[in-house]
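Notes for the one structure printed next.
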Amino acid sequence: MAQLNVRYRVTAETHGGKPAFGHLTPIQQLRRSVLSCLLWESEFYEDGRSIADRISETAKAVSAADLSKLIVEARTVHNLRHVPLLLLTSLVRKGGGRIIGDTIEQTIQRADELGEFLTLYWRNGKTPIAKQVKIGLARALRKFDAYALAKYDREKAIRIRDVLFLVHAKPKDDEQAALWKQLAEGALESPDTWEVQLSAGADKKETWTRLLIQNKLGYLALLRNLRNMTEVGVDEPLIRDRLLARKGAQRVLPFRYVAAARACPRMEPTLDQALSEAISELPPLPGKTIVLVDVSGSMNEKLSGKSDLTRMDAAAALASLIHGDLRMFSFSNSLVEVPPRRGMAGVDAILKSQQHGGTALAGAVQAVNSMPHDRLIVVTDEQATDRAVPQPTAKHAYMVNVASYKNGVGYGRWTHLDGFSEGIIRWIYAAEHDAEAAR
């Protein structure tokens, strides 16, 4: 029988040609590839399909229990959508009994993910649906009300009603039975969404205004459509009120505020206030903290093919959320100290601090190692172009990886974290707090 708890060697070299940490367990390798991955999107050094193939291959060496935990974390903590679905297919192939159905139920958060999962499940050809897959999909299907089903039951290869038929789901009550009958017959009422209303030719200003007043616009949709609303003359105090209310903002990644401000600069002060309120909900880190943010050329890679934002934007947005007694630095060819501002001002200070060239990460760490501090947080794509990265001298040291490259430098004495959500900051605080409490 194959052993899962073994050391896992990778080629000990980064894409920059410098030494990488080369002794990763399968779950360590999988985490670094997954938690900062917008699936199928190419990065500076690797294309999206290669990353996806590597994720699937690495998952084979991870236990079902560890894989399940990572899938749920990726979806519910880091708010990633597609890579958890890909990992679900790996979990199904691995087996694991009831853990499969339980993980599918927890992971699927939107009704359209039912069909997206089956599309990935059958990407290499149709096969019978496993029993636990049917159980998990049936449980997940029971989560969704009439609005969610109508909103996402679109003309696709696999529709939600197809899933209903395939898994033989049983409704939880008579009301849901009636709803599913409408779904099966294609008789659901059109949802009251901005997409439906505007595609039907409704007045844009009137539609946006009504949806805002009735709180029927999700927070991400609000951020993405700020420019559209202001251009058609929607009442700006109403828009600002909804931005500051932050209903549903817990699932919005920090860099979305940056994207919204660039698309609609006139709303930046309000967006900054909304982002600042998100920051105020995070605990300040105790002691002295040094933050290093990577602004090298590779960090200028777009987050996705449809996005104008880069990994540098995501890194700067994450760094701008950290508060406490801080010193903030950017690094590329050189190390530059920037004002430790929070919110939009902090993002701007980091992005404009220096030219975006090489990745002198080793030199940056060596320089700050001689400075007094209790904690070092590095936000980077974990590539280095100068030399081997030294071990940190801080009591607490975190290498936060915002890319999905196979090899990186942040292990050894580093606590390695992956992703670009504020969940990372919450984790740092909680981990240190729990460690102190256990003493």
Exercise. Measure the shortest side-chain to side-chain distance between L285 and L326 over non-hydrogen atoms and say whether it is less than 4.5 angstrom.
Key: no
Quiz item: So, the side chain of R375 versus the backbone of P286: is there a donor-acceptor pair under 3.5 Å, distance only?
Solution: yes
Quiz item: N300 and R311: side-chain donor and acceptor closer than 3.5 Å?
Solution: no
Quiz item: To the nearest 0.5 Å, what is the distance between CH2 (W194) and NZ (K204)?
Solution: 10.5 Å
Quiz item: Can you tell me if N369 uses its side chain to pair, donor with acceptor, with the backbone of T393 under 3.5 Å?
Solution: yes
Practice problem: Would you confirm whether E113, through its side chain, and Q109, through its main-chain N or O, come within 3.5 Å as a donor-acceptor pair? | Solution: yes
Quiz item: So T193 and L211, side chain to side chain contact (heavy atoms under 4.5 Å, CB included) or not? Walk me through it.
Solution: CA-CA 8 Å; T193 66; L211 292 174; over 6 Å; no
Report all side-chain donor-acceptor pairs from residues 64-72 shorter than 3.5 Å, counting only partners two or more places apart or in another chain.
unit_1: D66; atom_1: OD2; unit_2: S63; atom_2: OG; d: 3.4
unit_1: S68; atom_1: OG; unit_2: T103; atom_2: OG1; d: 2.7

Practice problem: Kindly indicate, with the supporting measurements, whether the criterion side-chain hydrogen bond (donor to acceptor under 3.5 Å, both in side chains) is fulfilled by Q354 and S334. | Solution: CA-CA 8 Å; Q354 62 175 297; S334 59; 3.2 Å; yes
Quiz item: Is the backbone of G357 close enough, under 3.5 Å, to the side chain of N333 for a donor and an acceptor to pair up by distance?
Solution: no
Quiz item: Taking 4.0 angstrom as the limit, do R262 and E268 come out as a salt bridge?
Solution: no
Quiz item: Is a salt bridge present between D112 and R159, judged by a nitrogen-to-oxygen distance below 4.0 Å?
Solution: no
Quiz item: Got a second to check how far L275's CG is from L321's CG, nearest 0.5 Å?
Solution: 5.5 Å
Quiz item: Listed by chain and number, what are the side-chain contact (heavy atoms from CB on, under 4.5 Å) partners of V77, not counting sequence neighbours?
Solution: E73
Self-check item: Side-chain heavy-atom pair K156, E116 within 4.5 angstrom cut-off
Solution: yes
Quiz item: Can R139 and D102 be counted as an ion pair, charged N to O under 4.0 angstrom?
Solution: yes
Quiz item: What is the distance from atom CZ of F331 to atom CG of L361, rounded to the nearest 0.5 Å?
Solution: 4.5 Å
Quiz item: Do the rings of Y398 and H396 sit parallel, tilted or perpendicular, given the 30° and 60° boundaries?
Solution: parallel
Practice problem: State, yes or no, whether a side-chain contact exists between T289 and I377 at a heavy-atom distance under 4.5 Å. | Solution: yes
Quiz item: Run the side chain to side chain contact (heavy atoms under 4.5 Å, CB included) check on R256 and R224 step by step: do they pass?
Solution: CA-CA 8 Å; R256 298 291 187 189; R224 284 176 166 173; 3.5 Å; yes
Self-check item: 4.5 Å side-chain heavy-atom contact, D294 and D381
Solution: yes
Quiz item: Is the shortest side-chain N to carboxylate O distance from D374 to K288 below 4.0 Å?
Solution: no
Quiz item: Does some side-chain heavy atom of F255 sit less than 4.5 Å from a side-chain heavy atom of L318?
Solution: no
Quiz item: Looking at side-chain heavy atoms only, is the closest gap between M371 and I290 below 4.5 Å?
Solution: yes
Practice problem: Starting at OG of S280, measure out to CD of Q273 and round the result to the nearest 0.5 Å. | Solution: 10.5 Å
Self-check item: Pair K151 + E195, salt bridge at N-O below 4.0 Å
Solution: no
Quiz item: Under the 3.5 angstrom rule, does the side chain of K94 hit a backbone N or O of V62 as a donor-acceptor pair?
Solution: yes
Quiz item: Which atom names give the shortest non-hydrogen contact between L212 and M229, and what distance separates them?
Solution: CD1-SD, 4.0 Å
Exercise. Kindly give the heavy-atom pair with the smallest separation between I350 and A319, and that separation in Å.
Key: CD1-CB, 4.0 Å
Exercise. Drop me the distance from L91's CG to L86's CG, to the nearest 0.5 angstrom.
Key: 11.5 Å
Practice problem: Check I108 against K143 and note the closest heavy-atom contact, atom names and distance. | Solution: O-NZ, 2.6 Å
Quiz item: Below 4.5 Å, heavy atoms only, C-beta onward: do Q391 and W414 meet side chain to side chain?
Solution: yes
Quiz item: Hey, are the side chains of M399 and T380 touching, using non-hydrogen atoms and a 4.5 Å cut-off?
Solution: yes
Practice problem: Check for a donor-acceptor pair, side chain of D348 on one end and backbone N or O of A345 on the other, with a separation under 3.5 Å. | Solution: no
Practice problem: Indicate whether any N or O donor in one side chain lies under 3.5 Å from an N or O acceptor in the other, for Q355 and S332. | Solution: no
Quiz prompt | Minimum heavy-atom distance R246-L243, with the two atoms named | solution = CG-O, 3.2 Å
Self-check item: Shortest non-hydrogen contact between A261 and M344, atoms and distance
Solution: CB-CE, 3.9 Å
Self-check item: Backbone of A394 reached by a side-chain donor or acceptor of R413 within 3.5 Å
Solution: yes
Exercise. For the pair D235 and T209, evaluate side chain to side chain contact (heavy atoms under 4.5 Å, CB included) and give the outcome as yes or no after the intermediate values.
Key: CA-CA 8 Å; D235 184 55; T209 300; 5.9 Å; no
Self-check item: Reported CZ-to-CG distance for the pair R426 and L282, which is rounded to 0.5 angstrom
Solution: 4.5 Å
Quiz item: Are a donor atom and an acceptor atom from the side chains of Q197 and T207 found within less than 3.5 Å of each other?
Solution: no
Quiz item: Do any N or O atoms from the side chain of H356 and from the backbone of M312 form a donor-acceptor pair under 3.5 angstrom?
Solution: no
Practice problem: Give a yes or no answer on whether the side chain of S370 reaches the backbone of A367 with a donor-acceptor pair at less than 3.5 Å. | Solution: yes
Self-check item: Least distance between heavy atoms, T107 atom then P84 atom
Solution: CG2-CB, 3.8 Å
